Engineer: 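Handing you this structure, nothing more for now.
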Amino acid sequence: MKICCPHCGKEYTVKRETLRNRSSTVTIPCPNCQEKILLHPSLAAGAGETDRTSGHGRQSKGNALMTGDALKQRIFKTLKDLPPMPQVVQKARKVLADPNSSFSDLAKVIESDQGIVTRVLKMANSPYYGLSGNVSSVKHASIVLGTKTLMELLDLACSSEILGQTLEGYDLAAGDLWMHSLAVANGSQLIARRVNPSLELDAFSAGLIHDVGKIILDPYILERKAKFRSFASQRRDTFLAAEKDILGFDHAELASEVCERWQIPRHIVMAIRYHHDPAPSGKDMLSHIVHLADAAAIMSGIGAGIDGMLYAINNDAMGLLRLKEDDLFDIMGQIACYVEKTTQQA
Ligand SMILES: [Fe+2]
Ligand SMILES: [Fe+2]
């Protein structure tokens, strides 16, 4: 099977046997850039429903058809296979919320994890952040870029591995979900900057992880691919509707429950929960922002996979955020540029 390093973009062929009989994520070093690549056991799928090992533990034929709460409970029990958001992000958020903290306090927290330091510096030196090759330490990056941008880079560094995976169930090649997530993070940030600048950082974080539920659900979608295909051929409805119909819940609902367990702040969890349909959130601004950014990324054709074929845009979101059609086109142009520049090597 083909895999693509989420850090340098190099493609490799890995034997499926590497993942056979594994119950948890396998880590291999990228032969090109030496960064860690996480291989989810679900990548080994393809042997058929009865003997495949999913990313959430070995499933029997009977379990493969579980739905609703039973399936959800099973997923929660086996979530240990999915790396949670690193502790360093939670600690950094606390430092940032403290008005007495300094540049060096945030740098110290980040420097406690060397793997993350390498990735933060790589992103800081990407053409988008404009410091090509000139930033050599986290402290230096915090002074040149400011703490908000450094927090943004930390979010990116911590999620690149998990979001870079291939999702066969969703028809997403390696790197597709990563690019989509980058686009929604940047789009959410740009919208927040126009309507409520105090939400900028949270909008970026929420946009970045809004589709994390797809990573969790992918093995279960893959097992039921035939059902999803027949749903799509019989009904003109969204992929989200197919998830609800076939699994009993969708990736947004599942992700919000998982993010609560990861102790992600509640307002970010809410935006993840309602990113496909912000109406039930009331007039929650962050939910509407992430929804429109998601729509902008999908309309731009950035990493949507099977989920982007039909997408229901909430009619009231533009009005609530006081955005015009031209604003959305402008955002679409900017996110395409952001994705291109952040994924380029310095
Ligand atoms: Fe989604
Ligand atoms: Fe999305």
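Below, each value reflects all heavy atoms present in this structure, side chains not excepted, and no hydrogens, waters or symmetry copies. Every number for a ligand or one of its atoms is a count from 1 in the order of the listing. What you see is a predicted model; the values in this text were computed from it and never measured.
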Engineer: Would you call the rings of His210 and His275 parallel, tilted or perpendicular, taking 30° and 60° as the class edges?
Structural biologist: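 Geometry flag for His275 against His210: perpendicular rings.
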Engineer: At the Fe ion (ligand 1), what angle lies between atom NE2 of His275 and atom NE2 of His251, rounded to 10 degrees?
Structural biologist: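 Vertex the Fe ion (ligand 1), arms to NE2 of His275 and NE2 of His251: 110°.
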Engineer: At the Fe ion (ligand 2), what is the angle formed between atom NE2 of His210 and atom OD1 of Asp294, rounded to the nearest 10°?
Structural biologist: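 Vertex at the Fe ion (ligand 2): approximately 90°.
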Engineer: Would you call Asp171 and Lys225 a salt bridge, using N to O less than 4.0 angstrom?
Structural biologist: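 Yes.
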Engineer: I'd like to know if Arg266 and Glu260 make a salt bridge, using a cut-off of under 4.0 Å between side-chain N and carboxylate O.
Structural biologist: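 Looking at Arg266 and Glu260, the cut-off is met.
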Engineer: Are Lys244 and Asp237 close enough for a salt bridge, meaning some N to O gap below 4.0 Å?
Structural biologist: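 Salt bridge: no.
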Engineer: Closest to the Fe ion (ligand 1), which N/O/S atom of His276 is it?
Structural biologist: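 Per the distance ranking, His276 contributes NE2 as its closest N/O/S atom to the Fe ion (ligand 1).
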Engineer: Taking the N/O/S atoms of Asp211 one by one, which is nearest to the Fe ion (ligand 1)?
Structural biologist: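 Of all N, O or S atoms belonging to Asp211, OD1 is the one nearest the Fe ion (ligand 1).
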Engineer: Indicate if the distance from the Fe ion (ligand 2) to the nearest N, O or S atom of His180 falls below 2.8 Å.
Structural biologist: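 Yes, within the cut-off.
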Engineer: For the residue pair Asp155 and Arg93, establish whether any side-chain heavy-atom pair is separated by less than 4.5 Å.
Structural biologist: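 Touching, per the 4.5 Å side-chain cut-off.
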